[in-house]
Amino acid sequence: MDKPAVFTDEEIARFRAELAGKRSPGAYEPGRWSVSPLTRRPDVRGPMPGAVRLRDATLRSVETLPGVVASTEAKEAYLRRLVGAGVREVVTAGIAGRDDKALRAEVEVIKGENPDCRAVLPLLRSTADIDRAADAGYDAVQVWVQGLGEASLIYNPAVYQQAWRGEDWRGPATPRGRDDVLARALPLIRHARSRGLDAVVPMLMVSYLTDEILAESVTALTDAGATELTLFDGPGAMSPEAYAHLVARTKELAPGVEVGLHPHNTFGLAVACAVGAVRAGADVVELSVNGYCGGPGNADLAATALAFESLYGVGTGIRTERLTELARAGEKLTGYHLAWNHPVTGTSAFSWGGMDLITQETAIDPLLHNCLEPALVGNVRKVPFTPDSGPYTLADKLAALGVDTTVAQVDEILRRAREIMAGEARLLSDADLAALAGEVADEPPACAEADGGGTER
């Protein structure tokens, strides 16, 4: 069936010309995205690099999710997908409970998929741990440094183990101040560098850092040989502006050292924190697929990558067309499912309902309400049939189902469909619509007319 025309070809041409006049190269890439030209204006967006490194910590982060028990085979399969999606730096699972064979196998999986992908081993607590990382072929290790002074004892596992056994954990080596906390990390950093490893140093609980403690910490850690200082905000208590301040100050204190960040999403601002930090000079953003981590989670890989790529023109190297598949694989690995409207990769992230004025706009331009083309991220545009749907949406739906109708039949199917939805308080499935169309098609025209279907046009 040919739907009755709404606009003439000349009107559509004028609409498209009007849209083109409001777009600019870069902010508009046909078949990819159409974002505000303001996002690309240097006087509006501020300074931005040509590219940023995204470091994925999904495999470490899922260990903090309650109830997640995945086999080694499942994790290795996921790791291949992750690296295959263009992630160029991966934080693996921690070292605890894994033998040397497991560590080597993990590195082999990463390098087998992409020899240039950096493998980073976290949660090392001794020089022996660092030796194991070097021998297994990792490129870097993370030496975590608690962000507090004596209160850092709260996060020392040995304290709890000894106390449970009735032992006194207090002794001459017990850290009682910030200097003691830093002193425990410095030999590990030096040893990592002596083994040819990059020493990535996560500075934890940065929302509690004062300017004085930041300066003391940066000096001590960089003097020991840290190659990157990563600002970890576990509580998610940092605003984008606060993150930008810390990054800029860290860069001033250690201009030759890379600065990273690991933002959490307590206020839904993790991606905004990443943007603000990179604008201030951060070199790398640590994040995870679907934002997986404890509590409110991290910045989401897909949303962060697309924000940098489309809004700001900052390259990430991510193969964006694999992002939705990667998100679904993450759900399968963890059992934790995304909200239907999760940005970029949600199952209905590209569904704006079933009103005719929404569903028909794509014939004029597909990048109006959807500023991203779903295929760019491996997702799909969904057009539901709802009580607000009109005859144009229904005609498209029936055509997609292979049902040939007339205008009069569409009117009658729409009337009956709305009646059912109102009476039964539910939406109709494709099968329901096809069955209704079959009923109407089997009725003589006079019958349809008598039922209120109108006249044949």
Donor-acceptor pair between [X] and [Y] side chains, under 3.5 angstrom:
X      : Y      : answer
Asp432 : Ser429 : yes
Trp144 : Gln146 : no
Ser348 : Asn341 : no
Ser217 : Arg178 : yes
Tyr312 : Thr39  : no
Thr210 : Glu212 : no

Could you check if a side-chain atom of [X] sits within less than 4.5 angstrom of a side-chain atom of [Y], using non-hydrogen atoms only?
X      : Y      : answer
Leu394 : Leu433 : yes
Val120 : Thr92  : no
Arg98  : Leu121 : yes
Arg195 : Val141 : no
Lys111 : Asp139 : yes
Phe350 : Val377 : yes
Asp198 : Arg118 : yes
Tyr155 : Leu204 : no

Enumerate the salt bridge (charged side-chain N to carboxylate O under 4.0 Å, His left out) contacts for residues 346-370, please, sequence neighbours excluded, ordered by first and then second residue.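 The answer is Arg23-Asp365.
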
Any pair with a residue in residues 252-277 that passes salt bridge (charged side-chain N to carboxylate O under 4.0 Å, His left out), sequence neighbours left out, goes on the list, sorted by first then second residue, please.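 Sorted result for residues 252-277: Arg53-Glu258, Arg249-Glu252.
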
For the side chain of [X] and the backbone of [Y], is there at least one donor-acceptor N/O pair under 3.5 Å apart?
X      : Y      : result
Arg176 : Asp180 : no
Arg328 : Thr345 : yes
Tyr336 : Pro66  : yes

Does the separation of the ring centres of Tyr160 and Trp169 fall below 6.0 angstrom?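 No, the ring of Tyr160 stays outside the 6.0 Å limit from the ring of Trp169, centre to centre.
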
A quick test of your reading: do over 12 heavy atoms of other residues, nucleotides or ligands sit less than 6.0 Å from CD of Glu167?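 Yes, because the 6.0 Å sphere around CD of Glu167 holds more than 12 heavy atoms from other groups.
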
Heavy atoms from other residues, nucleotides or ligands near OH of Tyr208 exceed 12 (cutoff 6.0 Å):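 Not more than 12 within 6.0 Å, no.
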
Are Arg88 and Asp56 within salt-bridge range, i.e. N to O under 4.0 Å?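 Asp56 and Arg88: not salt-bridged.
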
Do NZ/NE/NH1/NH2 and the carboxylate oxygens of Asp388 and Arg418 come within less than 4.0 Å?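 Judged by the 4.0 Å cut-off on N to carboxylate O distance, Asp388 and Arg418 do not form a salt bridge.
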
Under the side chain to side chain contact (heavy atoms under 4.5 Å, CB included) criterion, do Leu253 and Thr219 qualify, and how do the steps go? CA-CA 7 Å; Leu253 294 166; Thr219 298; 5.5 Å; no

Parallel, tilted or perpendicular: which describes the rings of His262 and Phe232, with under 30° parallel and over 60° perpendicular?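 Answer is parallel, since the angle falls under 30°.
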
Taking salt bridge (Lys or Arg N to Asp or Glu O under 4.0 Å) as the definition, give me every residue that meets it alongside Lys75, ordered by chain and number, with sequence neighbours left out.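 Expected list: none.
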
Could you pull out the closest heavy-atom pair between Leu153 and Pro175, with the gap in Å?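 Nearest pair, atom of Leu153 first, then Pro175: CD1-O, 3.7 Å.
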
